[in-house]
Amino acid sequence: MTTLLKHRIAALVGQAAEEAQRQGALPAGPLPEIEVERPQNPEHGDFAVSLPLKLARVARMNPLAIAQRLAPLLPPEEAIAEVKVAAPGFINFTVRQEWLQWQVEAIIKAGEHFGSLARENRERIHIEFVSVNPTGPLHVGHARGAVLGSGLASILAAAGHQVSKEYYINDAGTQMQVFARSLYARYVQALGRSSEMPENGYVGEYVIDLGKELVAEQGDRFAGMGEAEAVEAVREWGLQKMLELIRLDLEAIGVTFDVWFSERSVFESGQYTETMELLRAKGYLAQREGATWFASTMLGEDKDNVLVRSTGEPTYFASDTAYHRGKFLRGFDRCIDIFGADHQGHVPRLKAAMEAVGIDPSRLTVLVNQLVALKQGGDAVRASKRTGNIVTLRELVDEVGPDACRFFFLSRPPESQMEFDLALAKEESADNPVYYVQYAHARIASILRLGQERGLEWSGGDVSLLGDPAELGLIRKMLQLPELVETMAERLEPHHLPRYAQDLATAFHWFYQQCRVVSSEPSERAMTLARLKLVEASRVALARCLELMGMSAPERM
RNA sequence: GCGCUCGUAGCUCAAUUGGAUAGAGCGCAGCCCUGCGGAGGCUGAGGUCGCGGGUUCAAAUCCCGCCGAGCGCACCA
């Protein structure tokens, strides 16, 4: 992969600015970071730099005058055809047509790696998401975090980082215990006897089914034991069942993990004790009211948090602190967590805990995604696991399909409060942007098939014939993908990808409308070969886009 | 009450993180097929960027205050 053109332009502008300072045309002093933008108005060229505007104040000069002095000092660059200064102080760059045409070759050559970035500062990045208690099926709200996490992971990997996706299994906490007791009660009931559900138990129907399944699979062997022992045994069985269910549900929406990390192992490995000792040694522990507290107020928090209950049981916060410390001990440079908004209160204390154990909290980024408000027609649907009123992730995927789900959830930034109208989601299927993008891919595949059927060999096609605005526009659009991958990875914002995919599809459809690709006229043979080459490049770009989003790229629809 | 997040076209959402005339999809009104997939292309209408102040060459974006929405504020996770 070569350096992105926008970086080369930034370097050129930097050199020009330094040269201007040497000549005294610009006052000496530190230069701000040079940002290269993509102007939205095509009349402003392909790239734009607003450095003169940013410099105007410190230099006490008219920004337009700065731009006019800078422009002639720019070193030559073969990819750039024209540099223009524009009011109130922009420097605009237009790329050379020959360079654009040659990129078609470069894209085909890059193939499935097109859009990937080579980088020197490759980071080891840990990304944890979903991590739902294994006490029930995933619901729609979880789908958003799941898609976001997996999409972000793909983008970070494409941006050249080493990424590990992890699911943290809360198999040690009180919720798991309540679940086990609920399951035990349903199991006993399935045997025809009476048994009381625990306080705040999991009353969802799936637990009843699970109880029956347990009877069918294991008979009444747990009924003979003492209750405590039976609950323990049933808990293990239930945990495995739920994990399997969760894993399959996630797979259905195209989400997989590299590591499934058990909360219990945090205790068994000694990492929990070690972390607590560390906190104690650093003076962050306080005994009060029979419990052990993390003195987060020492770090500017508005309240302390319980680590060990007066019953002696550690809280979720305690094991999570040890778990997160462990991530960094495993050698990750950065950790990214994706939380639902209902866990946002956990963020400040977790960061404070990292600081307390001697880890720079800025190495931990927590993305909080707002919950999905469900609607059925006009009415709000309340999704809650314990009350049993669930719209499951599985139901959603079955209804809408994994591609549409992924596209939809990826489209919006995490912090947006989105409404999901289930009735609308089904209805929309024909006019969905998802199909629009996939249709473009199918159309491309169809054209390439035709080319093959006609026995055309386009690898030697002459790209210099590609001069139609629609052709050049398509190439321009394709070239934005690597830039986009870079910004999305920097800002941790996957939501630009679906929009880009639509733009790319539009650019292709327009080209298709404007330019006949496969012609039977012998005189147009050279043009046919060149355009087939362009179509192949389009396939590369669009397929990569779909792959990054975790969507299928159909050959036919 | 306090904290976090959000408020942009009729609807669902963008806006290159302070830049040039605020853009897409759906919906609405039109137009385009005797050759490669019409699940397509093109044009148009539609905006007090929640409201009010402030910061500066420049604000949807930053600051302050209101209004409204979601989520938190446990010895749950």
Side-chain angles (χ1 to χ4, degrees), chain A residues 6 35-41 43-44 48 50 53-54 56-57 62-63 86-90 92 131-133 135 170 173-176 178 200 288-293 302-303 305-317 319-320 340-348 368-371 373 408 411-421 424 428 430-433 435-436 438-440 442-451 454 480 483-484 487 491 493 495-496 498-499 502-503 505-506 508-521 528 531-532 535 556-557:
Chain A
K6 66 183 282 194
E35 285 163 43
V36 180
E37 305 162 31
R38 284 286 200 170
Q40 48 187 10
N41 185 341
E43 285 170 25
H44 297 139
S50 59
L53 289 161
K54 294 183 183 10
R57 169 161 283 260
N62 181 331
F90 290 97
N92 295 329
S131 296
V132 176
N133 282 339
T135 54
N170 300 125
T174 45
Q175 287 308 315
M176 193 63 215
V178 172
N200 290 321
R288 209 185 309 147
E289 300 151 30
T292 306
W293 297 70
D302 37 357
K303 62 184 178 57
N305 297 278
V306 172
L307 288 166
V308 184
R309 288 181 261 256
S310 49
T311 59
E313 279 175 280
T315 61
Y316 168 79
F317 174 50
S319 68
D320 210 29
D342 53 341
H343 285 198
Q344 64 179 239
H346 187 54
V347 178
V368 176
N369 69 267
Q370 294 299 312
L371 302 181
F408 183 76
S411 301
R412 288 114 169 94
E415 66 274 12
S416 73
Q417 289 164 194
M418 54 188 280
E419 284 190 352
F420 201 124
D421 192 323
L424 199 71
E428 236 185 11
D431 258 323
N432 213 299
Y435 296 97
Y436 176 80
Q438 291 182 322
Y439 175 73
R443 196 179 228 186
I444 287 170
S446 156
I447 297 168
L448 294 176
R449 272 197 303 272
L450 180 72
R454 300 261 177 105
Q480 288 178 15
E483 286 171 31
L484 194 66
T487 25
R491 300 184 196 165
E493 289 179 355
H495 71 270
H496 303 283
R499 180 171 300 268
Q502 284 182 82
D503 289 348
T506 299
F508 180 80
H509 286 311
W510 189 53
F511 154 73
Y512 177 84
Q513 200 79 18
Q514 296 295 308
C515 305
R516 171 80 201 181
V517 179
V518 180
S519 166
S520 15
E521 289 290 322
T528 293
R531 285 183 173 158
L532 278 169
V535 173
R556 292 187 165 84
M557 289 173 71

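Residue-level contact check: A:Gln40 touches the bases, meaning some heavy atom is under 4.0 Å from a base atom. Among the heavy atoms of the strands, none lies under 4.0 Å from A:Ala56. Residue contacts shown for A:Glu415 are limited to sugar-phosphate atoms, with no base heavy atom under 4.0 Å away. Among the heavy atoms of the strands lying under 4.0 Å from A:His509 are primed sugar atoms or P, OP1, OP2 only; no base atom is included. A:Arg38 comes within 4.0 angstrom of a nucleotide base, judged by non-hydrogen atoms across all strands. Among the atoms of the strands shown, base atoms are found under 4.0 Å from some heavy atom of A:Asn41. Nucleic acid contact for A:Glu35: sugar-phosphate only, since backbone atoms but no base atoms lie under 4.0 Å from a heavy atom of the residue. Note on A:Ser50: a base of the nucleic acid sits closer than 4.0 angstrom, heavy atoms only. Within 4.0 Å of A:Asn92, counting heavy atoms only, lies at least one base atom of the nucleic acid. Using a 4.0 Å heavy-atom cutoff across all strands shown, A:Arg57 reaches sugar-phosphate atoms only and no base atom. Contact annotation for A:Leu450: backbone-only contact, meaning every heavy-atom pair under 4.0 Å involves sugar-phosphate atoms and none involves a base. Contact annotation for A:Thr487: no contact, since no heavy-atom pair falls under 4.0 Å across all strands. Across all strands, A:Phe317 comes closer than 4.0 Å to no nucleic acid atom at all (heavy-atom distances). The residue A:Thr292 sits apart from the nucleic acid: no heavy atom pair falls under 4.0 Å.
Distances shown here put a side-chain N or O of A:Thr174 below 4.0 Å from the OP1 or OP2 atom of B:A77. Contact annotation: A:His495 reaches the phosphate of B:A15 (side-chain N/O to OP1 or OP2, under 4.0 Å). OP1 or OP2 of B:C42 has not a single side-chain nitrogen or oxygen of A:Tyr512 nearer than 4.0 Å.
Residue A:Lys54 places no side-chain atom within donor-acceptor reach of the base of B:G18, judged by atom type and a 3.5 Å distance cut-off alone. Within 3.5 Å, no donor on the side chain of A:Ser416 pairs with an acceptor on the base of B:C13, nor the reverse. Looking at A:Glu37, its side chain has no donor and acceptor atom pair within 3.5 Å of the base of B:G19.
Toward the 5' end of RNA chain B, the nearer of the two residues A:Val518 and A:Gly340, judged by each one's closest nucleotide, is A:Val518. Each of A:Glu521 and A:Ala291 has a nearest nucleotide on RNA chain B; the 5'-most of these lies closest to A:Glu521.
In this structure, A:Phe90 forms an aromatic stack with the base of B:A20, since both conditions hold: centre separation below 5.5 Å and plane angle below 30°.
Proximity note for A:Asn170 (side chain, C-beta onward) versus B:A77, B:G41, B:A20: the nearest is B:A77.
The separation of B:G23 from B:U16, taken at their P atoms, amounts to 12 Å, rounded to a whole angstrom.
Shown here, B:A45 forms no base pair; nothing in the strands shown gives a Watson-Crick or G-U wobble contact with both key distances under 3.5 Å.
Defined by atom type and a distance below 3.5 Å, a donor-acceptor pair is present between the side-chain atoms of A:Thr506 and A:Tyr436.
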